[in-house]
K.L.:
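Structure in structure tokens, see below.
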Amino acid sequence: MTKPTIIVIGSADVIKLSLIRSLGELGYKLISIHLGRKLIIKPLDYYSKYISSYYFVNRSNLIDFLVQNCVDVDCKPVLFPLDDASVYIIDKAHHILEKHFYYAHVNHKEGGIVELMNKSIQKAIAAESGLIVAKGWRIPYTDGEYIIPEGIEYPCFVKGELSYGGNKSLQRKCNNYNELRKLLDESLSSCKIPFIAEEFLPIKKNIGIIGVFDGVNCIMAAKAELLVMGKGMSNGVSMFGKVSQLRDLILLKKIEAMLKEMHYTGIFNLDFVESRGELYFLEMNYRYAAYGYGLKSAGLNLPNLFVKSMYDNKTENIHLTMDKDLFYFNEKVGLHNVLERFISWSEYKLLEKKADVLLVRSKDDSKPYRMFFLSICQRIMIKRLSVIYRKYFHRHI
């Protein structure tokens, strides 16, 4: 088939770069849209050799921009929204976009994905499908106040009930009612979103499962163990992990049952934690994940499968056999954690050496890493010069 143009949307540049390379290496024309104002320091995907056009677009202008600048009447472009904000915007504009583009959807229903971005709804469907979920208590925001239900077990972990519009700094463990009330009071001065309190799970492992579902067939060949997580400005982002073959057929059947019940078509990634000897479902994200590039390196290109499914209305029946586990490393998270002194330079180099797949550095697409490393060096130089200036200034006043 004629290869369609691919339009990648979002602000998470490493995720975008992973998807861009997955499709760019196959000869697709790629357009990247960064949601937000134009930046002095450009996102990493800005420098990829596979990008034919790059745009900075405000959220409120995204739909008009796509319709006015990206429509191809001969071959529908495929949209890949890669963060919660862009997924939300695309899904809520289905009545405008469906005749011009292909993208993930829920039964071609406007706002269908947005409904499923509610974590309470996700957990209910997951439990009905046989997956294990943590106990949870909804904390709605009604008439200007939060209603804390009775029966919450402490400690609990509190997070926004919706995948969009929240503030991740308000996600935290609460040991008692007073800590929970303090968190909710903080939210009253900012985002005023509904929350969900979940039983606190001692985490042995964080696990991600990524795949593509065409409404009938589901490809889920591997899982990622998120072994080292970023801290500070990269808090909660996977820095280093292991991709291995997913052989649990019972788990696969339960996930497939959940996806069928949701009527979702598209790429997805699922968050699980291993705790108390069980695997607990946390949430579903309706988009690609950076660790998917590790799976691509093992021979399964999920973005390409999704593009084909949009044109053929089905996925290929693929069986991936991994001869060995693959380790991936997100150098952006790693270098930021070095600068913030959460890890040492020697620890960074050790993780880099152990990795089979690097998410930023690439010999075939080298400029993103070069420009990123240059920006890090500039930051270090500016920081050292400011220290010298302050010492000199104080000495002469």
Side-chain angles (χ1 to χ4, degrees), residues 6-21 24 30-66 68-70 80-89 164-165 167-169 190 230-239 287-288 290 293 329-343 345 348 352 358-362 364-393:
I6 307 299
I7 303 171
V8 182
I9 308 165
S11 54
D13 57 355
V14 176
I15 298 177
K16 291 171 73 183
L17 188 61
S18 296
L19 191 140
I20 285 164
R21 286 171 173 168
L30 285 135
I31 295 172
S32 184
I33 297 175
H34 178 88
L35 278 190
R37 60 184 176 81
K38 194 168 185 177
L39 304 171
I40 296 175
I41 298 177
K42 300 296 187 295
L44 298 183
D45 60 305
Y46 178 88
Y47 299 105
S48 175
K49 74 176 187 179
Y50 300 114
I51 293 296
S52 62
S53 303
Y54 200 99
Y55 302 97
F56 294 86
V57 180
N58 292 328
R59 295 182 184 184
S60 58
N61 298 330
L62 176 62
I63 302 305
D64 287 341
F65 180 87
L66 288 171
Q68 293 170 13
N69 298 278
C70 301
F80 281 94
L82 293 179
D83 55 25
D84 292 332
S86 55
V87 169
Y88 179 95
I89 295 168
Y164 55 89
N167 184 342
K168 288 197 173 182
S169 68
S190 56
K231 297 178 181 178
M233 66 185 295
S234 303
N235 188 48
V237 180
S238 177
M239 181 195 306
R287 50 184 166 80
Y288 192 61
Y293 196 68
F329 182 45
N330 185 332
E331 306 101 299
K332 180 177 181 180
V333 175
L335 282 172
H336 281 161
N337 274 226
V338 171
L339 287 178
E340 297 172 79
R341 299 185 178 181
F342 291 112
I343 63 172
W345 177 246
Y348 173 94
E352 183 183 52
L358 300 175
L359 299 187
V360 181
R361 183 185 292 183
S362 167
D364 297 320
D365 187 28
S366 60
K367 194 170 182 180
Y369 182 80
R370 291 204 316 269
M371 297 307 294
F372 174 61
F373 201 84
L374 178 62
S375 70
I376 292 294
C377 292
Q378 289 172 337
R379 284 180 58 183
I380 294 172
M381 186 177 299
I382 291 170
K383 187 175 181 179
R384 289 182 176 176
L385 287 174
S386 65
V387 171
I388 294 171
Y389 174 79
R390 284 197 300 271
K391 288 180 179 179
Y392 177 84
F393 180 77

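The basis for the numbers below is simple: all heavy atoms, side chains too, and nothing from hydrogens, waters or symmetry mates.
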K.L.:
Is the side chain of Asn337 donor-acceptor paired with the backbone N or O of Gly230 at a distance under 3.5 Å, no angle test?
P.N.:
no
K.L.:
Quick one: closest heavy-atom pair of Leu359 and Ser18, and the distance?
P.N.:
CD2-OG, 4.3 Å
K.L.:
To the nearest 0.5 Å, tell me how far Met233 CE sits from Leu339 CG.
P.N.:
9.0 Å
K.L.:
Counting distance only, does the side-chain N/O of Ser52 pair as donor-acceptor with the main-chain N or O of Leu30 below 3.5 Å?
P.N.:
yes
K.L.:
Looking at every heavy atom in both Asp83 and Ala12, which two are closest together, and how far apart are they?
P.N.:
OD2-N, 4.4 Å
K.L.:
What's the separation between atom NE2 in His336 and atom CG in Asn330, rounded to the nearest 0.5 Å?
P.N.:
9.5 Å
K.L.:
Can you tell whether the side chains of Lys332 and Asp13 come within less than 4.0 Å, N to carboxylate O?
P.N.:
yes
K.L.:
Does Tyr88 have any side chain to side chain contact (heavy atoms under 4.5 Å, CB included) partners at least two apart in sequence or in another chain, and if so, which?
P.N.:
Lys92, Val114, Tyr164
K.L.:
Take Tyr348 and Phe329, measure what ring-ring contact (aromatic ring centres under 6.0 Å, His included) needs, and give me the verdict at the end.
P.N.:
CA-CA 10 Å; Tyr348 173 94; Phe329 182 45; 5.1 Å; yes
K.L.:
Spell out, as yes or no, whether a donor-acceptor pair under 3.5 Å connects the side chain of Glu331 to the backbone of Val360.
P.N.:
yes
K.L.:
Hey, does Ser48 have a side-chain heavy atom less than 4.5 Å from the side chain of Leu17?
P.N.:
yes
K.L.:
Using ring-ring contact (aromatic ring centres under 6.0 Å, His included) as the criterion, list what pairs up with Tyr46, not counting sequence neighbours.
P.N.:
Tyr54
K.L.:
Can you list, pair by pair, the side-chain donor-acceptor contacts under 3.5 Å of residues 31-40, counting residues two or more places apart and other chains?
P.N.:
{"residue": "Ser32", "atom": "OG", "partner": "Lys16", "partner atom": "NZ", "Å": "3.0"}
{"residue": "Ser32", "atom": "OG", "partner": "Asp45", "partner atom": "OD2", "Å": "2.6"}

K.L.:
How close do Phe373 and Leu335 get, heavy atom to heavy atom, and via which atoms?
P.N.:
CD1-CD1, 4.1 Å
K.L.:
As a quick check of understanding, evaluate side-chain contact (heavy atoms from CB on, under 4.5 Å) for Leu44 and Met371, giving each step before the final call.
P.N.:
CA-CA 8 Å; Leu44 298 183; Met371 297 307 294; 5.9 Å; no
K.L.:
Kindly indicate, with the supporting measurements, whether the criterion side-chain contact (heavy atoms from CB on, under 4.5 Å) is fulfilled by Ile9 and Leu82.
P.N.:
CA-CA 6 Å; Ile9 308 165; Leu82 293 179; over 6 Å; no
K.L.:
Atom NZ in Lys367, atom OG in Ser362: separation rounded to 0.5 Å?
P.N.:
14.5 Å
K.L.:
Can Lys42 and Phe56 be said to form a side-chain contact (heavy atoms from CB on, under 4.5 Å), step by step?
P.N.:
CA-CA 10 Å; Lys42 300 296 187 295; Phe56 294 86; 3.8 Å; yes
K.L.:
Would you give the length of the straight line joining atom CD1 of Ile7 to atom CZ of Phe65, rounded to the nearest 0.5 angstrom?
P.N.:
8.5 Å
K.L.:
Mind checking the CD-CG spacing from Gln68 to Asn61? Nearest 0.5 Å is all I need.
P.N.:
9.0 Å
K.L.:
Below 4.0 angstrom, N of the basic side chain to O of the carboxylate: do Asp365 and Arg21 qualify?
P.N.:
yes
K.L.:
Identify the two heavy atoms, one from Ser86 and one from Gly10, that lie closest to each other, and give their separation to 0.1 Å.
P.N.:
OG-CA, 4.2 Å
K.L.:
Should the pair Asp364-Lys49 be classified as a salt bridge under the 4.0 Å nitrogen-to-oxygen rule?
P.N.:
no
K.L.:
Of the non-hydrogen atoms in Gly334 and Ile343, which two are nearest, and what is the gap between them?
P.N.:
O-CD1, 3.7 Å
K.L.:
Grab the two heavy atoms, one from Phe80 and one from Leu19, that are nearest each other, plus how far apart they are.
P.N.:
CD2-CD1, 3.5 Å
K.L.:
OH of Tyr47 to OG of Ser366: how many Å apart, nearest 0.5 Å?
P.N.:
13.0 Å
K.L.:
In terms of heavy-atom contacts, does NZ of Lys231 have more than 12 from other residues, nucleotides or ligands at under 6.0 Å?
P.N.:
no
